[in-house]
Every structure is written in C-alpha cells, then in structure tokens.
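By convention in this document, chain letters (A, B, ...) are assigned in the order of the sequence lines, proteins followed by strands, and residues within each chain are numbered from 1.
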Amino acid sequence: MAEQIYQPIPPDDPRYEGKTPLLVKGNEAIVKGAILAGCRCFFGYPITPASEIAETAARDFPAVGGTFLQAESETASINMLYGAAAAGVRAMTASSGPGISLMQEGLSYLAGAELPCVIADIMRGGPGLGNIAPEQGDYNQVVKIGGHGNYRNPVYAPSSGQEMCDLTMRAFETAFEYRTPVFVIADGFTGQMMEPVVFPDPLPKPPEPDWACRADAETRENLISSIFLEPDDLEEHNRKLQEKYRRIEENEALYQVFHVDDAKIVAVAFGIVSRVVRSAVELAREKGIPVGLVRPVTLWPFPKKTLEALAKQAERFVVFELSNGQMLEDVRLAIHDSRPVDFHGRMGGNVPSTEECLDVIERVAREGGVL
Amino acid sequence: MSAPVYEPYLRKPKTFYEQYERKSGDPTVTHYCPGCGHGELHKMIAEAIEDLEIADRTVFISPVGCSVFAYYYFDTGNVQAAHGRAPAVGTGVQRARPHSIVISYQGDGDLAAIGLNEILQAANRGEHMAVFFVNNAIYGMTGGQMAPTTLPGMHTTTSPGGRDPRKAGNPLRLCELISQLDAPVYVARGALSGPKHILRTRKLVRKALQAQVERRGFTFVEVLSACPTGWGMNPPDAHKWILEKMAEFFPLEVFVDKTDSEPEPFEIPEEPPAEKLHELLRISTAGQVTFSPSQPVEPKYANPRIKVAGFGGQGVLLLGLGLAQCGMMEGRKVSWLPSYGPEMRGGTAHCHVNVSDHEIGSPLISRPTVVVAMNQPSLEKFEPQLVEGGLLIVNTSMVPKEPSRSDLDVLKIPASDMAKELGNPRAANMIILGAYAAYTGMIGKETALASLNTLIKRKHLVDLNRKAIELGWEFGTKARG
Ligand SMILES: Cc1ncc(C[n+]2csc(CCOP(=O)(O)OP(=O)(O)O)c2C)c(N)n1
Ligand code: SF4
C-alpha cells in the first residue's frame with residue numbers, strides 16, 4: 001500500500017446508510033466517534049478549547065456503561081490511560097497544548113510499552129499560557145514527538161465535524177492494529193465549530209487483545225513494561241519499534257489534493273487552514289493562477305511521496321500554518337529542498353482570511369514568475 | 001552476620017515465581033541487596049494473593065525505584081508504571097476492568113515525592129486498590145539520595161550534612177496524611193524487623209487485600225523497610241535503627257480500619273447492545289424530518305455567507321444556529337462558527353454561518369454576503385465587511401443610526417419591539433430568522449418551524465418561537481413585495 005487519498009465518507013460504506021446529519025460541535029463529534037469505535041474509558045482534565053470533549057464524555061461514557069473520570073492533572077490522565085490501555089480496553093483522553101506538554105513522559109511510556117490509545121489535542125495559542133484561540137503550534141510536540149526516546153505516533157488532523165468523528169474512529173483502529181498511541185489533533189475552531197455530521201453504525205466489537213493484562217487466567221502471565229535493562233535487548237526492542245513505524249509510514253499516510261494536476265504552485269496546509277487555503281486556491285484559479293493544494297490528513301506519517309512527486313512538476317511551494325512554521329520543515333524535507341518553499345504563518349490565535357491567503361498566492365506567483 | 005531471624009516464617013508462596021525468568025543473570029536469587037525489605041514484603045503479598053485465591057484477577061503495578069522489577073517475582077498480571085504514577089495507572093486498570101484486584105506497590109520517593117498528588121487523589125477517590133508503601137527513608141535505586149521520609153539529621157548523598165528540616169522540611173508521614181481523608185477504609189503502618197513485627201505486618205498485608213476481595217475500597221499499608229546499602233549499615237544494625245529511630249518518627253499503628261462496616265455497593269456496569277448506542281448517545285436520527293431545498297432562490301441570495309452579531313443575550317448564536325440547522329435540513333452544506341478566542345472581547349457575540357450548495361471551504365467569513373446587526377456596535381463593525389450589494393438586516397429597535405453605505409440591500413426590522421409585543425423580547429432572533437427566510441427565499445417556512453424542535457431545548461418556549469417565526473415570515477414577505 002502507498003499513501004492514500006482520504007475520502008471523508010466512502011460512498012459505498014453501508015455503516016452510514018439511512019442516517020441523516022446532525023449539527024454538532026467538532027469536540028462532541030470526537031466523543032461520539034470514540035464511543036462508536038468501542039472506546040469505553042475517558043480520563044481528562046479541563047482545558048479550553050478542549051473542555052467540551054470532557055463535558056460530553058462525562059454524559060456519554062456512563063450512558064454506555066463506560067468510565068468517565070476527571071483526573072487531578074494531565075499527568076494523571078495520561079497514566080490512567082496507560083493503565084486502561086494496559087488492561088486492553090479502548091480508552092482516550094483529550095487536552096490542549098499545556099496539558100499535552102505535561103503528558104509527554106506518559107506518551108513515551110505508552111509508545112515504549114506499545115499500548116494502543118487515542119489522545120485528542122485541540123490546539124490553542126502558545127507558548128506558555130498563551131491564549132485559548134486556535135493555533136497549530138503543537139505540531140512539533142505531537143508530530144515530531146515531545147517525549148524521550150526513539151518513538152513516533154500516528155497523528156490524524158481532521159478539518160471538519162464529520163472528520164472529527166470519522167478520524168477518531170479510524171485512530172482507534174490504527175492504534176489497535178499497530179499497538180501504538182494515536183493522536184487526533186485539531187485547532188480550537190474545528191473543535192468549536194458546528195457542522196452536519198452523519199454518525200455511522202458502531203464498529204463491530206473487537207476481539208479481546210491477548211497481550212493485555214485483562215485480570216483473568218488467560219492473560220495472567222502478561223507483562224506490560226518499557227524496561228529492557230540490557231543494551232542489546234533495548235536495541236532489539238527499538239529496532240522492532242522502528243520496523244513497526246516503517247510499516248505505518250508505508251501504509252497509513254492519508255492526504256487530499258485540490259487542483260494539483262497542472263499546478264505550478266503547490267500550497268500545503270492542514271486542519272482548518274487547509275479549508276481557508278482551499279477557498280483561496282479556488283479564487284486564484286478563477287484569476288488564472290495555476291495553484292493547487294495538498295492537505296496532509298495524517299501529519300505522521302507525512303504524505304512525503306505525494307509532495308516529492310509534485311516537486312517534479314511544481315515550481316514553488318507555499319506552506320500555510322497557524323504557527324511559526326513547524327510543518328514547513330517536513331515539507332522541505334519531503335521535497336528535499338528541490339524547490340523554493342514560501343511560508344505564511346499566523347500566530348496567537350489569528351486565522352488568515354481567504355483574501356489574505358489569496359494575496360500570498362498571488363505574491364508567490366508574481367515573485368516566482370508563474371503568472 | 002548470621003542469617004536473618006525471620007526466615008522460618010516465610011515459605012515461598014506459589015504466586016511467587018519459582019525461577020525469575022524475566023531477570024538476567026542467576027534466576028534463583030532476587031535482584032535485591034541482602035537484607036533489603038522489598039523481598040520480604042513481596043513474599044508476604046504473594047502469600048496473601050495465594051491464600052485469597054486472587055492471582056488470576058490480580059494486576060500488580062510496579063513503580064520506579066528498586067522494586068521496578070517486582071514483576072520478576074509475581075505470578076499475576078504485571079504492569080510497570082512511570083515514576084510516581086502507579087496509583088493513576090492502577091486507577092486506569094481498575095476502571096477498565098472493574099473485576100480486577102489492583103495492587104500498587106511504591107517506594108517513598110515514588111509515592112511521597114514525585115507521586116504525592118496521584119496517591120492522595122486516588123486515596124481520596126477511594127479507588128479500589130491496595131497500596132503497599134515501602135518506607136526506607138531513602139532513594140535506594142538512584143544511590144542513596146534524600147527522600148521525603150529521610151529522618152532529620154540523617155546523612156544521604158544529597159543531604160551530606162544531615163537532613164536540615166529548616167531547609168528540607170520534616171519527613172512526610174503518609175499514613176497520617178492519608179488517614180485524614182474520608183474514603184480510605186484501611187490505613188496501617190508496619191515493620192519487618194523481627195518476628196513480632198513480621199507476623200503483625202503479614203496481618204496488615206492480608207487485611208488490605210482481603211478488603212479488596214470484599215470490594216471495600218482503598219487500602220494503604222506502609223512498611224518501614226531496611227535499605228542496608230543506602231544506609232551504609234549491616235542488616236541487623238539496620239533493623240535496630242528502624243525500631244529505635246524510624247518507628248519513633250513513624251509510629252507503628254493502625255490509623256483507619258473500617259473493614260468491619262458494610263461496604264458500599266460495588267456495581268459493574270453492563271454493556272448495552274450495539275443497536276442501542278445511537279439512542280444512548282442522543283445521535284439517533286430515526287424519524288428525523290428533512291425538506292427539499294427551498295426554491296427558487298434569487299442568485300444574489302444563494303450560497304450566503306452570513307455574519308450574525310449583537311450583544312451577548314440577544315440570542316445571536318442561536319439565530320446563527322437556526323440558519324445552519326434550516327440549511328442542513330434542506331440538504332445543503334452548512335457550517336456554524338461562534339465568536340471564540342480574542343474575538344469574544346467586549347461583550348458582543350457573533351457567529352459565522354455558511355449555507356451552500358457546494359462543499360464549504362473556509363468556515364471563517366471575512367467578506368459576508370449577509371450581515372444581521374442586532375445592535376449598533378455590530379452595524380458599525382460589520383457593515384463595512386459586506387460585499388457590494390450585500391444584504392444588511394438591521395434590528396431597528398436597537399439600532400438608531402442609518403447604515404452608511406448606499407450600495408446595500410437593506411432590510412430594516414424592529415425585531416426587538418415586535419418580540420416585546422409577542423411577550424418576550426428574546427424572541428427577536430426568531431423573528432429575524434422568519435423574516436430572512438421569507439425575504440430571501442433561502443429557507444422554507446415549514447423548515448424554519450420544524451427546526452425549532454431541535455433548536456429550542458425548553459419545550460414550553462417552542463410555541464412562542466413559532467409565533468415569532470410566523471411574524472417574521474409575514475414581515476419578510478411584505479418587505480419583499
Ligand atoms: C521522572 C523521573 N525522575 C527521576 C527518575 C530517577 N529515579 C529512579 S528511582 C528514583 C527514586 C526511587 O526511590 P524510592 O521510591 O524511595 O524507591 P527505592 O529505590 O528506595 O525502593 C528516582 C529518583 C525517574 N526514573 N523518572
Ligand atoms: S538499594 Fe536499598 S532498597 Fe534498593 S535493593 Fe538495595 S537495600 Fe533494597
């Protein structure tokens with residue numbers, strides 16, 4: 001398998017049949033999606049703009065016979081998640097920048113012990129306390145990894161209410177397929193926004209994992225741990241992890257493209273920004289500018305082959321982010337710096353308007369002689 | 001030195017592995033130093049697990065510290081936790097598998113320093129777990145640094161002049177701290193020095209686990225334990241020191257024992273059938289009505305990008321939601337984005353609503369085609385953003401000033417006054433919804449009325465809002481001419 005184009009609802013998917021859309025907040029869609037994917041434990045600590053996730057979870061998890069627990073801190077949340085995941089139960093937490101920072105030690109342990117679970121990060125402005133407005137400044141700590149050691153974790157970046165549900169469901173499947181923590185990362189807008197969402201049938205109940213500590217005779221001999229005292233053993237464990245990450249990179253990268261076929265300029269943006277830029281690309285096309293858009297749907301694995309291939313036809317790239325250019329580095333790496341890469345970043349909670357992005361595209365086209 | 005005197009009391013329990021296969025090196029000896037208290041306590045716990053016949057459903061949480069490798073020895077489910085977080089990890093295991101017996105085993109650095117919050121919170125929640133706390137007054141694993149339990153004046157590698165309570169505080173007494181909380185059902189401190197204490201501590205351990213079997217709640221047993229290596233003493237001196245010095249500071253008592261009272265009921269929730277999930281999550285759409293898109297819409301009103309703005313409390317967000325809800329019910333693409341973050345300052349609220357026949361790109365609206373100004377500041381702020389010839393809806397009851405642009409399509413409606421006449425000024429938003437629907441043809445009347453079932457949570461208000469929509473519809477139809 002290679003990098004794949006993401007289709008929001010596959011037209012032939014019977015799980016969505018006969019259902020009509022509901023207008024819900026992105027943050028709520030995450031919770032419903034998680035439960036439909038079999039998640040039965042939620043541990044979390046309140047933080048804007050992710051709090052609706054905990055609030056919705058506090059109603060929904062007990063309603064389906066699951067657990068909701070407000071932890072004393074994000075440090076505790078991530079370790080409760082570790083415990084529930086070790087017990088082989090589908091579990092999740094949700095937070096925003098400062099809370100994700102606190103979780104980093106736990107994330108490393110989860111990766112080291114190969115425990116599947118889902119973490120939703122509804123990003124806000126930083127650094128420090130920053131503010132509660134939308135940003136994408138957690139890219140580095142989530143996608144490039146903020147904890148210690150040689151690990152990675154898959155990251156899904158939804159940009160609509162429907163995707164908040166669908167990609168959360170998918171995150172659980174990926175987590176259990178590869179035994180890894182998986183992130184769903186969105187900005188404050190995508191969390192707060194209401195859009196029509198069609199909720200599918202629940203996933204079939206997965207079999208009980210045989211590696212977990214399920215507190216029964218069958219799994220009594222199991223051990224969940226990330227310690228390998230001997231250098232050779234730890235190296236072997238690390239090599240096994242790297243092999244798993246290679247498989248994930250090969251099979252799990254998702255992206256969307258708009259108007260890239262004849263594009264001389266390729267814009268790259270994810271999450272909410274990809275929607276703003278898509279509108280700008282449409283306006284630019286009306287003006288005759290040959291621009292297209294690549295939207296990574298997974299941030300790790302990053303759709304690097306798709307970008308690499310586009311570098312053969314495109315003359316310039318331009319990256320739009322709500323940060324100081326954290327994904328920018330991945331784009332430059334993917335195309336091996338073979339083309340100039342412009343960057344337009346907003347920070348502090350400011351989101352660029354369509355017109356602002358159009359201006360940037362026009363400038364890039366002018367300066368690059370593409371017009 | 002002769003062999004420790006307590007040897008005969010301890011047989012090797014079956015839930016203690018015969019050979020330590022997980023350990024490198026000699027699989028017949030533990031990794032602990034001679035005379036270390038960890039091994040003795042391990043055996044007591046294993047013995048109780050065996051006698052209570054709970055090994056199959058026990059999950060043992062190993063901490064970070066010398067007992068990080070406790071899983072070498074216990075023939076139970078084993079989970080190794082991060083430094084200080086065993087009670088949180090145990091909470092996760094227990095909540096995920098409510099039938100499990102969870103044992104959290106921790107040292108004093110792990111539990112009383114880095115993990116103090118986790119242990120207090122788990123105790124306070126009354127988590128169903130037995131915590132065994134090894135107090136050896138020092139950090140063993142990292143080579144003998146000061147612990148929160150290090151006695152005043154005691155020399156460690158990080159208190160080379162002896163612990164100075166004026167700078168490093170006094171030792172923390174955990175049993176005393178935890179027994180202040182309401183939830184714990186059993187809190188006790190024992191020692192492992194000499195047969196009398198060994199026998200007593202064995203009972204404490206058993207009681208803590210028995211209470212788990214009986215589903216009583218949180219139990220906590222602290223054990224004063226020798227660290228001959230960290231203390232630089234031989235084992236007999238170490239035991240002497242424990243009884244003479246440590247026990248003086250950390251009294252060997254039972255602090256809480258509620259194990260005779262009736263336990264709280266312990267229920268394991270049932271998993272509902274998959275077919276019921278949508279209903280339980282309140283996302284069932286069975287029987288939901290849909291409408292075909294309202295027709296015809298004048299091209300200038302099609303695919304509107306709407307900004308609704310006013311004071312907080314004017315129902316601005318709900319009006320926006322109504323526009324989105326109606327659009328969705330007619331099968332169009334919609335998005336609704338509330339003012340949020342830095343935009344929210346100044347007591348005004350606004351929202352961005354897109355209704356479109358096409359996939360919606362940016363949900364953010366910088367150049368609206370429709371602006372609803374519920375008050376004067378909103379008019380001032382958003383009128384300039386309107387596209388040329390855009391639709392400006394003004395709540396004239398609250399907006400004394402005239403719009404300043406002459407290119408706009410203006411619908412003036414005294415919505416607040418009309419709502420007051422209806423009996424509730426807060427219905428102004430739904431009057432505007434009705435007027436917009438009729439004026440532009442973007443929303444059918446039936447749709448607008450039906451949307452109230454979703455929009456209005458308090459059912460006794462549905463009727464008022466119906467009237468408001470009808471009134472607005474009439475107004476909009478007349479204005480359209
Ligand atoms: C986050 C973190 N900080 C520091 C350490 C290093 N560390 C390992 S064990 C330990 C102290 C353990 O002491 P204690 O809990 O008293 O257990 P003992 O070894 O005495 O049984 C420390 C500080 C670590 N593993 N993780
Ligand atoms: S250092 Fe102390 S606590 Fe650690 S094994 Fe040795 S005696 Fe036991």
Side-chain angles (χ1 to χ4, degrees), chain A residues 19-23 32 35-36 41 43 60 63-65 67 69 72-73 76 79-84 86-87 89 91 105-106 109 131-134 188-189 192-196 199 202 213-217 219-220 222-227 229-230 275-276 278-279 282 349 351 353-355, chain B residues 22 24 55-59 61-62 68 71 75-82 85 88-97 99-101 117-118 121 269-272 274 277-278 280-281 283 285 288 290 321 324-325 328 333-338 340-342 360-364 366-367 454:
Chain A
K19 319 244 178 346
T20 48
L22 288 169
L23 202 56
K32 317 274 182 198
I35 291 174
L36 293 175
C41 287
F43 308 99
D60 286 351
V64 300
T67 291
L69 182 55
E72 57 269 31
S73 68
N79 283 286
M80 290 172 182
L81 190 58
Y82 180 96
V89 169
E105 182 200 28
Y109 273 73
N131 65 23
I132 60 169
F189 273 158
Q192 301 292 325
M193 185 166 60
M194 275 187 161
E195 286 188 307
F199 290 104
C213 284
R214 286 156 25 201
D216 57 19
T219 62
R220 174 168 158 185
N222 286 347
L223 164 66
I224 300 296
S225 135
S226 56
I227 312 175
L229 211 50
E230 300 298 326
R275 293 178 56 165
V276 181
R278 199 180 92 190
S279 295
E282 266 154 24
V351 177
S353 65
T354 308
E355 291 72 20
Chain B
R22 287 178 174 140
S24 54
D56 280 349
R57 59 184 174 122
T58 294
V59 178
I61 319 289
S62 309
V68 62
Y71 61 79
D75 182 6
T76 60
N78 278 286
V79 177
Q80 201 290 314
R85 317 300 173 208
V89 172
T91 299
V93 171
Q94 220 294 318
R95 299 289 182 118
R97 302 281 181 191
H99 72 279
S100 62
I101 303 275
N117 194 18
E118 280 77 8
Q121 303 281 354
E270 263 178 55
E271 169 96 26
L277 275 191
H278 275 239
L280 292 167
L281 295 176
I283 54 173
T285 56
Q288 181 163 297
T290 51
L321 212 54
Q325 176 74 27
M328 182 182 76
K333 315 273 188 226
V334 301
S335 68
W336 172 89
L337 183 68
Y340 148 75
I360 291 162
S362 173
L364 279 164
S366 40
R367 301 279 284 145
T454 318

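- Both the backbone and the side chain of A:Asp60 come within contact range of chain B, with heavy atoms under 4.5 Å apart.
- Between the side chain of B:Tyr71 and the main chain of A:Ile224, no donor-acceptor pair closer than 3.5 Å is present.
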Verdict with reasoning, A:Leu69 to B:Arg95, per side chain to side chain contact (heavy atoms under 4.5 Å, CB included): CA-CA 9 Å; A:Leu69 182 55; B:Arg95 299 289 182 118; 3.8 Å; yes

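- Atom CG of residue A:Leu22 and atom CD of residue B:Gln325 lie 8.0 Å apart, to the nearest 0.5 angstrom.
- Taken from CE in A:Met80 to CD in B:Gln121, the straight-line distance is 8.0 Å, to the nearest 0.5 Å.
- Both the backbone and the side chain of B:Leu280 come within contact range of chain A, judged by heavy atoms closer than 4.5 Å.
- Both the backbone and the side chain of A:Phe199 come within less than 4.5 Å of a heavy atom in chain B.
- Under the side-chain hydrogen bond (donor to acceptor under 3.5 Å, both in side chains) criterion, A:Asp216 pairs with A:Arg214, A:Thr219, sequence neighbours left out.
- Side-chain atoms of A:Lys32 do not come within 3.5 Å of backbone N or O of B:Ile283 as any donor-acceptor pair.
- The contact between A:Thr354 and chain B is made by backbone and side chain atoms together, counting heavy-atom distances below 4.5 Å.
- With A:Arg220 as the fixed residue, the side chain to side chain donor-acceptor pair (under 3.5 Å) test singles out one of B:Thr58, B:Asp75, B:Asn78: B:Asp75.
- Between the NZ atom of A:Lys19 and the CD atom of B:Gln288 there is a distance of 12.5 Å, given to the nearest 0.5 Å.
- To the nearest 0.5 Å, atom SG of residue A:Cys213 and atom CD1 of residue B:Ile61 are 8.0 Å apart.
- How far CD of B:Glu118 is from CG of A:Asn79: 7.0 Å, rounded to the nearest 0.5 Å.
- If you check the side chains of B:Ser335 and A:Glu195, you find no donor sitting under 3.5 Å from an acceptor.
- Taken from OG1 in B:Thr91 to CZ in A:Phe43, the straight-line distance is 8.0 Å, to the nearest 0.5 Å.
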Side chain to side chain contact (heavy atoms under 4.5 Å, CB included) evaluation trace for A:Leu36 with B:His278: CA-CA 8 Å; A:Leu36 293 175; B:His278 275 239; 3.9 Å; yes

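- By the 4.5 Å heavy-atom criterion applied to side chains, B:Lys333 and A:Pro196 are not counted as neighbours.
- With a 4.5 angstrom heavy-atom cutoff, B:Val79 touches chain A via backbone and side-chain atoms both.
- Heavy-atom distances place both the backbone and the side chain of B:Ile360 under 4.5 Å from chain A.
- Considering only heavy atoms from C-beta on, B:Gln80 comes within 4.5 Å of A:Tyr109 through its side chain.
- Options B:Thr285, B:Leu321, B:Thr454 differ in how many heavy-atom pairs under 4.5 Å they form with chain A, and the most are formed by B:Thr285.
- When the side-chain hydrogen bond (donor to acceptor under 3.5 Å, both in side chains) test is applied to A:Ser73, no partner is found at least two apart in sequence or on another chain.
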